[in-house]
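Just below is one structure, and these are the notes that go with it.
Indexing begins at 1, ligand by ligand and atom by atom, following the structure's order.
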Amino acid sequence: MTSHNITFMSENRSFESPSHLLELASSKVVVLQSQKSSNGELGLAWIQNFATVKAFAIIFFIILICKIILSQIRWNNATKALEQRYGCKEPSHLRTHWFFGIDKPLQVFAASKEGRVLRYFQSLVAEAGNTFEWTVLGSRVWGTQDPENIKAVLSTKEKFFSHEVRREVLCSLIGDAIFTQDGASWRHSRALLKPSFFQKHCTNSALFQEHVDNLITRIGCDSTVDLQPLFFSLTLDVTTAFIFGKSVYSLTPSQTQEEAEFSRAFQYAQVYLSKRYQLGRLCWLFNGQEFRDSCKTVHAYVDKIVDNAMQVKARSVLDPSNDKGAQGNLLGELVFDVDDPIQARAHLMHLLLAGRDTTACLLTWTMRLLARYQEVQLRVREEISAMFGSAAVDVNKTKDMAYLTCVLKEVLRLYPSVPVNSRTAAEDVVLPTGGGEDGRSPVLVRKGEDVAVCVYSLHRRTDLYGSDADVFRPERWQNGALDHVEKSYGYLPFHGGRRVCPGRQFALAEASYTIVRLLKAFPMLSLPAETTFPEIGMEKQILGLTLASGDGCFVRTS
Ligand code: HEM
C-alpha cells in the first residue's frame, strides 16, 4: 500500500470522536516512518509527512481545547452546586480583555517596572470592589481588602489555607521552617521561637547600640546621604547579631572577607527571590547559576556558625552548670531543641529573611517622612528631649514615647512592609462577604485557588480612615481613636491570628531606638534642596518581598 493510498483513504473516512482522530493520525505517522526506512530516502513523501505532522498537531490542539472546555464546564457546574449548598453568590469579576486573561499579568509587570504596582492594585479595587476574582490562564485568583474576609483568611479559617507557593519560591535559599510550613510542622517551629527570647532582646540597648553607632559614623556630618542602603546594612548587622550571636558588620570597614561575601550573596539571593515570587508556581523557570551559587555561599557561612554553636552545646551538656541561654543569642537556645544542623540553619534563615528587610523598610519610609514633614519631626524631637534629655537612650523607654508610637503606626499604615500577601486554599472554603449584587453574600473559594490579601489598599480605605486616608497624619492614632479599626482587622502591618508576626516588639524597639539616636545625633534632618517630594502614594515604590522606596531616602544632615 502506498502513502498516497493511505492519505486518500483517510481523507474519505468520517471521524467519530477526537480520540478516533488521534488514533488515525498516529497510524499515519507509523506507516510513513516504515516507508522511510524501506525506501531509504524521503522524496515526495517528506512533504506528505510534513502535512501529516501538521494535521497531527492541529488534531492534538483541538483535543486539548475540547478537554479544557469540558473540564471548565464540569468545574463551573460543581462550583454552582457548591455555591448553592453553602448559600454563596457569585463574586465581582474583574474583566480581562485578552486571550486567557493575559492582559492583567502583563499590566502587573509593566506597573511593577515603573514602580507603581500598588497603585495599579488600588485601581483594580476601584474597578471591581473590595473582594473580586479574575481568571488568568484558566485559574481563578482572588483579591480582597475586606476586613471580614481577611480575618477569615488569617484567623478564623486559617487552617484551610496553605503556604504552598511560598514554599516553592523560597526554599532553595531559606529551607523549610516557620515561614513556609503549615499544620503540625509550623506549630513545632513556632513553639521553638519563644516569646520570652524576643522580649529579652528587645529591651537590651546594647544589642542595638554598637550598630547604630556604626550607622551614625557612616552618615557623617554636613552631608546629603541616601539612608535606605544604610538601613538595609544596619538591620542585617543587628539581625545577625541577634540570631547568630555574631554580626556581619556590613556597616564597618572591619568586615572580614567571609562576612562581606555572605552579605553580598544574601543580598543577591533575596532580590532574586522577589523576582521568583512574581512568577508564583512557575518560579522554577527562574533558577540561575548566580542565584544557586549565592545560596551555597549563604549556606556555607551559616553552617559554620551552626556547627560552632553545636560544639558549644556539646561542651555545655557535659558541664553540670550548663545554662541554656549561655550563648546569649537565639541560635544558642535553638540548638538545645534542634539536633539537625540543616533544620537549625533553616530556622535562622527564616528569621533573617523575616526580620531584616521589613525593619529596614520601616526605617526608610519613616525617615523620608520625617525629613519632609518638619512639624512632625519637631514633635518627635520634643518628646525625645522630655524623655532622655542628655542621658543615653534606653530602648526600654522608647515604647513609652506616645507620639513616636503614633508616627510608626502611621508609617506602617501608609507603607506596610508586607503590603500584599497571599494564601492558597487547601480545601474549598467559604469567605463571609463579597458575593451578589450588593457584595455582601458569602463567596466560595475553590481548592487550589490563591487569595491575595492587599493590606496596602486596606490601610487606605476612606470608610475606615476618613477622607484624609492618603495623608500622613500621626495624630489620627492619638487617644486610641482607631482602636476599633485595629480590633476589627482594618489595620494589619504585622497581620493577625495565630501567625501574627512574632518579631513585632523587636522590630518596633529597633526602629524606635534608631530614630531617637539619629534625631539626637543630627539636630537638623531635611530633604536635600533640589528634591521634589511626590504626594503620598505617588512616589516610586519597589515591591519585592517587602515594600522599599524607589527614590531612596535622601536626607541632608545639616
Ligand atoms: C517592621 C518590621 C516587621 C514587619 C512589618 C513584619 C511583618 C510581618 C508580617 C505581615 C508577617 C506575616 C506574614 C505572613 O503570614 O504571610 C510576619 C511574619 C513573621 N515575622 Fe515579621 N515583621 C517585621 C519584623 C520582624 C522581625 C524583626 C522578626 C524577627 C527577627 C520577624 C519574624 C517573623 C516571623 C518568624 C514570621 C512568621 C510567623 C509565622 O508564620 O508564624 N518579623 N511579619
Going by the side chain to side chain donor-acceptor pair (under 3.5 Å) test, which pairs reach into residues 363-372, not counting sequence neighbours? none
Going by heavy atoms in the side chains, are E168 and V165 under 4.5 Å from each other? no
Check contact between H350 and ligand 1, using heavy atoms of the residue and a distance below 4.0 angstrom. no
Between the NZ atom in K399 and the OG1 atom in T203, the distance rounded to the nearest 0.5 Å is 7.5 Å
To the nearest 0.1 Å, how far is atom 12 (C) of ligand 1 from its closest protein heavy atom, and which atom is that? H495 ND1, 3.4 Å
Which ligand 1 atoms are under 4.0 Å away from a heavy-atom of L362? 1 (C)
Is the H459 to Y491 ring centre distance short of 6.0 Å? yes
Identify which one of V485, L414, L458, D470 satisfies the side-chain contact (heavy atoms from CB on, under 4.5 Å) criterion when paired with Y465. V485
What are the protein N/O/S atoms, named by residue and atom, that sit under 2.8 Å from atom 21 (Fe) of ligand 1? C501 SG
For ligand 1, which atoms sit closer than 4.0 Å to a heavy atom of I178? 35 (C), 38 (C), 39 (C), 40 (O), 41 (O)
Residues 149-158 vs salt bridge (Lys or Arg N to Asp or Glu O under 4.0 Å), sequence neighbours excluded, gives E158-R498
Decide if the gap between the ring center of Y272 and the ring center of F286 is smaller than 6.0 angstrom. yes
Do me a favour and list the nearest non-hydrogen protein atom to atom 37 (C) of ligand 1 with residue, atom name and distance? F179 CD1, 3.4 Å
Sequence neighbours left out, cut at 3.5 Å: what donor-acceptor pairs do the side chains of residues 234-241 make with other protein atoms?
| unit_1 | atom_1 | unit_2 | atom_2 | d |
| --- | --- | --- | --- | --- |
| T235 | OG1 | F231 | O | 3.0 |
| T235 | OG1 | F232 | O | 3.3 |
| T235 | OG1 | R356 | O | 3.1 |
| D237 | OD1 | Y249 | N | 3.4 |
| D237 | OD1 | S250 | N | 2.7 |
| D237 | OD1 | S250 | OG | 2.8 |
| D237 | OD2 | S250 | N | 3.0 |
| D237 | OD2 | L251 | N | 3.1 |
| T239 | OG1 | T235 | O | 2.5 |
| T240 | OG1 | L236 | O | 2.7 |
| T240 | OG1 | D237 | O | 3.1 |
| T240 | OG1 | V248 | N | 3.2 |

Name the closest protein heavy atom to atom 38 (C) of ligand 1, giving the residue it belongs to and the distance to 0.1 Å. R190 NH1, 3.4 Å
Is it true that the NZ or CZ of R166 lies under 6.0 Å from the centre of F179's six-membered ring and within 45 degrees of the ring axis? yes
Atom 13 (C) of ligand 1 [closest protein heavy-atom partner, distance rounded to 0.1 Å]: N421 ND2, 3.6 Å
How far is atom 7 (C) of ligand 1 from its nearest protein heavy atom, and which residue and atom is that? P493 O, 3.5 Å
Check ligand 1 against T359 and write out every atom of the ligand that is under 4.0 Å from a heavy-atom position of the residue. 2 (C), 27 (C)
Nearest neighbour of atom 15 (O) of ligand 1 from the list R423, Q505, H163, R187, on a heavy-atom basis: R423
Identify the protein heavy atom lying closest to atom 40 (O) of ligand 1, giving its residue, its atom name and the separation to 0.1 Å. R499 NE, 3.0 Å
May I ask you to check if ligand 1 and S417 share an N or O to N or O distance below 3.5 Å? no
How far is atom 30 (C) of ligand 1 from the closest protein heavy atom, and which atom is that? F242 CE2, 3.7 Å
Closest approach of any protein heavy atom to atom 16 (O) of ligand 1, naming residue and atom: R166 NH2, 2.3 Å
Can you find a pair of side-chain heavy atoms, one from S247 and one from H211, that are under 4.5 Å apart? yes
Check against side-chain hydrogen bond (donor to acceptor under 3.5 Å, both in side chains), T358 and S417: CA-CA 5 Å; T358 44; S417 305; 5.6 Å; no
Knowing that exactly one of N214, L215, L363 qualifies, which makes a side-chain contact (heavy atoms from CB on, under 4.5 Å) with L230? L215
Heavy-atom contact check, 4.0 Å cutoff: does T239 meet ligand 1? no
Measure the spacing between CG of D146 and OH of Y489 and express it to the nearest 0.5 Å. 13.5 Å
